[in-house]
Amino acid sequence: MAPDVAVEIRDAHKSYGDVQALRGVTLGVRRGEFLTLLGPSGSGKTTLLHAIAGFHRLDRGSVIAGGTDITHLPAHRRGFGLVFQHYALFPHMTVRDNVAYPLRIRGVPPADRTARVQEYLELVELGQHGARFPEELSGGQRQRVALARALVFGPPLLLMDEPLGALDRRLRQSIQFRIKRIQQELKATVIHVTHDQEEALAMSDVIAVMRDGLIEQVGTPLDLYLRPATPFVAGFIGETNRLNVELIAADGAGPRAQHVETGQIFPIGSGADGSILAPGPALLCVRPEHVRIGGSGSSGLKGDLVTKTFMGDHWRYEVKIGPSTLVVKDTDGGRAGELTTPAAAWIDLDSSVQIFRDVAPRDRAS
Ligand code: ADP
Ligand code: MG
């Protein structure tokens, strides 16, 4: 194991009756890293986090922390910080006593406790609220108290399961950045679970995308966005357009493809190196901001412009091409005047198009 790996899980398997919640997961988090498990509901995120916390036994596989096998160590002896929805604050204790609790059970002397509790309350910007009870705080403030309580004893790892799930969107965004700042300040090692891709992008150094009890891809937010390894990742992180095509053998005209449903032949971006493109069926995925749109006189894939919407910082177009609808995001807005709905429009994919082969039927649909 690399020396900077804080905690590692190897070949984790876990079933509940016939449901295989984890089907062989191997993953490590480095010291000081913020890692997010991102995936749809039921993909196994909580099961994986609980295995790391020690809340249940794996059917197979191991958990290693700081080079030591802790697979059979009970949760309370792992000493990890936890922010889970069911790990609510103690309602009968003040904010200060809640945060002091982990120090008290660890036998930290009262004088040291007081100073440290105040330091962590200030860290989460609740220094003035120590005497309040949880019910006298807003939802966002309560989650910050929970964060202070989870971090105050300096755990080697902080585990968070959908900590902002109950908060409204605006509040969630401001707390995301606050948590990220605190994590960076403390150089804390974090494994965080969410099904919200924006939250994952905003907070994480590394994201592990989960699906059906397996990890589909691990990478930085930028990696996953620009170089998704599978159509599922392309669709789950950010928005993506899907086109079923037949790639055409390179013949000097640059890489081209035939759209399966309409038969149109179109160029697929100069960056996709034609020489390495073997002909055959493929799925193209392209981000809305990587599609250019033009009116009559343009070239590319022809479709019908069905909607044109001003979104504040960009124009959004929907273009129907056969059975599929492509979304185009235009931050420049230069085309907005020339395009009318309904009318024919032409779209042009740039070199950021992703080409996938051997795609399972369930990943093909847009
Ligand atoms: P996520 O956190 O990604 O939503 P979970 O880890 O909670 O996913 O669940 C993964 C799968 O295991 C789901 O199909 C879920 O229904 C099932 N599952 C989770 N916990 C239990 C349990 N205690 N008993 C039976 N099935 C469970
Ligand atoms: Mg869950």
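Since this is a predicted model, take the numbers as computed values, not measurements. For ligands, and for the atoms within them, numbers begin at 1 and follow the listed sequence.
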What protein heavy atom sits nearest atom 27 (C) of ligand 1, and how far away is it? Tyr16 CD1, 3.2 Å
Numbering as shown, the atoms of ligand 1 that approach Pro40 to under 4.0 Å (heavy-atom distance): 3 (O)
Between Tyr16 and Thr47, a side-chain donor and acceptor under 3.5 Å: yes
Report yes if Val19 has an N/O atom closer than 3.5 Å to an N/O atom of ligand 1; otherwise report no. no
Name the closest protein heavy atom to atom 4 (O) of ligand 1, giving the residue it belongs to and the distance to 0.1 Å. Gly42 N, 2.7 Å
Is it the case that more than 12 heavy atoms not belonging to His195 sit under 6.0 Å from its NE2 atom? no
Among all the protein's non-hydrogen atoms, which is closest to atom 7 (O) of ligand 1, and how far away is it? Thr46 CB, 3.7 Å
Under 4.0 Å between a Lys/Arg side-chain N and an Asp/Glu carboxylate O for Arg287 and Glu239? no
So that I can tick it off, tell me whether Asp212 and Arg362 are bridged by a salt bridge, with the cut-off set at under 4.0 angstrom between side-chain N and carboxylate O. yes
Surrounding NZ of Lys302 (heavy atoms of other residues, nucleotides or ligands, distance under 6.0 Å), is the total greater than 12? no
Keeping the roles fixed (side chain from Arg144, backbone from Val124), state whether a donor-acceptor pair exists under 3.5 Å. yes
What's the shortest distance from atom 8 (O) of ligand 1 to any protein heavy atom, and which residue and atom give it? Gly44 N, 3.2 Å
Do protein heavy atoms approach atom 25 (C) of ligand 1 to less than 4.0 Å? yes
Determine the sole option in His192, Lys45, Glu199, Gln197 for which the side-chain hydrogen bond (donor to acceptor under 3.5 Å, both in side chains) test with Thr36 is passed. His192
Interfacing atoms of ligand 1 (cut-off 4.0 Å, heavy-atom, Ala21): 10 (C), 11 (C), 12 (O)
Presence of N, O or S from Thr47 under 2.8 Å of the Mg ion (ligand 2): no
Return the residue, atom name and 0.1 Å-rounded distance of the protein heavy atom closest to atom 9 (O) of ligand 1. Thr47 OG1, 3.9 Å
Closest to atom 3 (O) of ligand 1 among protein heavy atoms sits Lys45 NZ, 2.7 Å
Looking only at the aromatic ring of each residue, does the gap between the centers of Phe153 and Tyr101 stay below 6.0 angstrom? no
Answer yes or no for Gly39: is there a heavy-atom contact with ligand 1 below 4.0 Å? no
